[in-house]
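Throughout, a chain's letter reflects where its sequence line sits, starting with A, and its residues are numbered from 1. What you are looking at is a predicted structure, and each value in this text was computed from that prediction instead of being measured.
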2 protein chains.
Amino acid sequence: MNVIEPSANQPKWTRKPEARPDEVLEAALDVFAVNGFAATRMDDIAKAAGLSKAAIYLYFPSKDDVFKALVEQRIGVLQAHFDTAAKDQKRDPVAGLRLVARMWATSFHDLRVAALPRIILAEALRFPELAEFYHRTVIERTQGALVELIQAGIDAGLFRQVEPLLAARALVSPLVFEILRRQAFPSHTSGPPMETLVEAIFDLFLNGIAAAPAPNDRGVKP
Amino acid sequence: MNVIEPSANQPKWTRKPEARPDEVLEAALDVFAVNGFAATRMDDIAKAAGLSKAAIYLYFPSKDDVFKALVEQRIGVLQAHFDTAAKDQKRDPVAGLRLVARMWATSFHDLRVAALPRIILAEALRFPELAEFYHRTVIERTQGALVELIQAGIDAGLFRQVEPLLAARALVSPLVFEILRRQAFPSHTSGPPMETLVEAIFDLFLNGIAAAPAPNDRGVKP
DNA sequence: TCTATATAACTGACTGGACAGTTAGTTGTC
DNA sequence: GACAACTAACTGTCCAGTCAGTTATATAGA
């Protein structure tokens, strides 16, 4: 929560005005992440950005639009990561899947960004187009990449003949679940750090889809 | 969305007044499920219950309390199912786990009830005590039951030496995920009905934790 | 280098609508 | 006629969005 302050006192807009929209979005992310959408006041965002509420309306037509712009900004970046990385790895499906899982963890290392999926979920009814956008840009693409990798693994005889889409969700859902869980129940967030957890989830997943003699069988007691 | 109407027209309170709180909660469930918490007006609930807004305040002190009462009412029932069933099945962990998964599907067959987890997730920040209550009554208990079953399975040599808590979440999360997904992205809800999906998810899960020669290996192509 | 003027960036104070919660009074029942 | 069940209309507050005005910057002319 970095409130932007014009150094100490006087010069009120020495900062470059063309940076303003991004500053507003940065502040908005801080505030939305803590309060969710509905409970966030434009005044809060303004204060966090070191501006007055009216100034925000110079750059964004409405509160809704601030939120949409924020999501598009952060999600665009995130999603680009995913599918370039996935494409690179078509040769080695296991490595590809592991990479996607790890990127997931690092992408959501910023807790403010991790709050976005929760907020979108919460506001999906109010912003069907936004939900649709998120689905198209993030969910479908990630899913698509995973499905391809899993299918490649099946074709190569590395994985069992599972339903790829189902398997993709089996990998993603514990990760999403964990993110949501940590936010909704902050008092029950003991346990290993995200990175370790991702490895464990991935191992379990891999064992679930691995062809008969599990290639990764540490933990098995014969 | 069954609006309660005093049959046709006149007799305005021939209904038993002691049924009123439950009628209000029933109506509230209808409305909250569609609109979420914040966007639901007390007038909406009142209308759905065939009452005036003021009448609701005769039975509940505030909107928050209506919501809390609703959650407690619906969740209490749901959770009772889970752990009795789980206790019965300690002898056969696989059957026990399968039963819990299936009960899950049937419990959330009522789409209005399925909306509750989403709403709680959305409002967790606003109602930390409610989130806490939900965690205690639903999450911890379900998790506890699953962990016991999984541990029993490991002890019996049926399952690999996995982290039981992690495995429990690996089973639950795709189910929760599916429920949330269907609500947030109603336009992308093709695919098999919940029941079929639960079976598929369960099979995949079972393969993930099964001891070396998978006891359930339909789907494997040698 | 020093005003003067134009204009860009911004703000304080306001408006209007929505809605949770209240109250004074009405309608029905026994 | 006494009491329970209920309601219409009101109150107060909160907040998104607006607007009339203020403060800084850029440019120009002297």
Side-chain angles (χ1 to χ4, degrees), chain A residues 3-28 31-32 34-70 119 123 125-127 130, chain B residues 3-25 27-28 31-32 34-70 123 125-127 130:
Chain A
V3 176
I4 293 148
E5 284 200 36
S7 57
N9 40 4
Q10 261 65 22
K12 262 184 177 172
W13 62 88
T14 45
R15 291 169 293 160
K16 294 165 217 134
E18 62 271 25
R20 215 48 38 93
D22 280 344
E23 289 175 2
V24 171
L25 293 184
E26 187 69 24
V31 184
F32 282 138
V34 173
N35 299 328
F37 180 81
T40 293
R41 277 154 300 175
M42 288 301 260
D43 274 319
D44 297 338
I45 298 176
K47 202 172 159 194
L51 286 173
S52 71
K53 180 170 64 162
I56 293 180
Y57 285 93
L58 298 172
Y59 302 103
F60 299 93
S62 73
K63 185 182 174 186
D64 290 14
D65 286 274
V66 173
F67 185 57
K68 286 179 197 169
L70 172 61
I119 299 173
E123 307 292 338
L125 296 169
R126 256 215 231 271
F127 300 101
L130 182 68
Chain B
V3 176
I4 294 151
E5 284 200 35
S7 56
N9 41 3
Q10 263 60 24
K12 260 184 176 171
W13 60 88
T14 44
R15 291 171 291 159
K16 293 167 216 131
E18 63 272 25
R20 216 45 39 93
D22 281 343
E23 289 175 2
V24 172
L25 293 184
V31 184
F32 282 138
V34 174
N35 300 327
F37 180 81
T40 293
R41 277 154 301 175
M42 288 301 260
D43 273 320
D44 296 339
I45 299 177
K47 203 172 158 193
L51 287 172
S52 71
K53 179 171 66 162
I56 294 179
Y57 285 93
L58 297 172
Y59 302 104
F60 299 94
S62 73
K63 184 183 173 185
D64 291 13
D65 286 275
V66 173
F67 185 57
K68 286 180 197 167
L70 172 61
E123 306 292 338
L125 296 169
R126 255 217 232 271
F127 299 102
L130 183 68

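A heavy-atom distance below 4.5 Å is found between the side chains of A/Phe32 and A/Ile45. Considering only heavy atoms from C-beta on, B/Lys47 stays 4.5 Å or farther from B/Val31 through its side chain. No side-chain heavy atom of B/Glu123 sits under 4.5 Å from any side-chain heavy atom of B/Leu130.
We find that CZ of A/Phe67 is positioned 17 Å from C1' of D/dA16, with the value rounded to whole Å. Nucleotide D/dA5 holds its P atom 13 Å from the CD atom of B/Glu23, rounded to whole Å. Atom P of nucleotide D/dC15 and atom CD1 of A/Ile56 are separated by 15 Å, given to the nearest angstrom.
Applying the side chain to side chain contact (heavy atoms under 4.5 Å, CB included) criterion to B/Ala39, with sequence neighbours excluded, gives A/Arg126, B/Asn35.
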Expected rows: protein N/O vs nucleotides 18-24 of chain C N/O, under 3.5 Å:
{"from": "C/dC19", "atom 1": "OP2", "to": "B/Arg41", "atom 2": "NH1", "distance (Å)": "3.4"}
{"from": "C/dA20", "atom 1": "OP1", "to": "B/Thr40", "atom 2": "O", "distance (Å)": "3.4"}
{"from": "C/dA20", "atom 1": "OP1", "to": "B/Lys63", "atom 2": "NZ", "distance (Å)": "3.4"}
{"from": "C/dA20", "atom 1": "OP2", "to": "B/Met42", "atom 2": "N", "distance (Å)": "3.0"}
{"from": "C/dA20", "atom 1": "N7", "to": "B/Lys53", "atom 2": "NZ", "distance (Å)": "2.9"}
{"from": "C/dG21", "atom 1": "OP2", "to": "B/Tyr57", "atom 2": "OH", "distance (Å)": "3.0"}
{"from": "C/dG21", "atom 1": "OP2", "to": "B/Lys63", "atom 2": "N", "distance (Å)": "2.9"}
{"from": "C/dG21", "atom 1": "N7", "to": "B/Lys53", "atom 2": "NZ", "distance (Å)": "2.8"}
{"from": "C/dG21", "atom 1": "O6", "to": "B/Lys53", "atom 2": "NZ", "distance (Å)": "2.8"}

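Residue pairs meeting the salt bridge (Lys or Arg N to Asp or Glu O under 4.0 Å) criterion with at least one partner in residues 53-69 of chain B, sequence neighbours excluded, are B/Lys68-B/Glu129.
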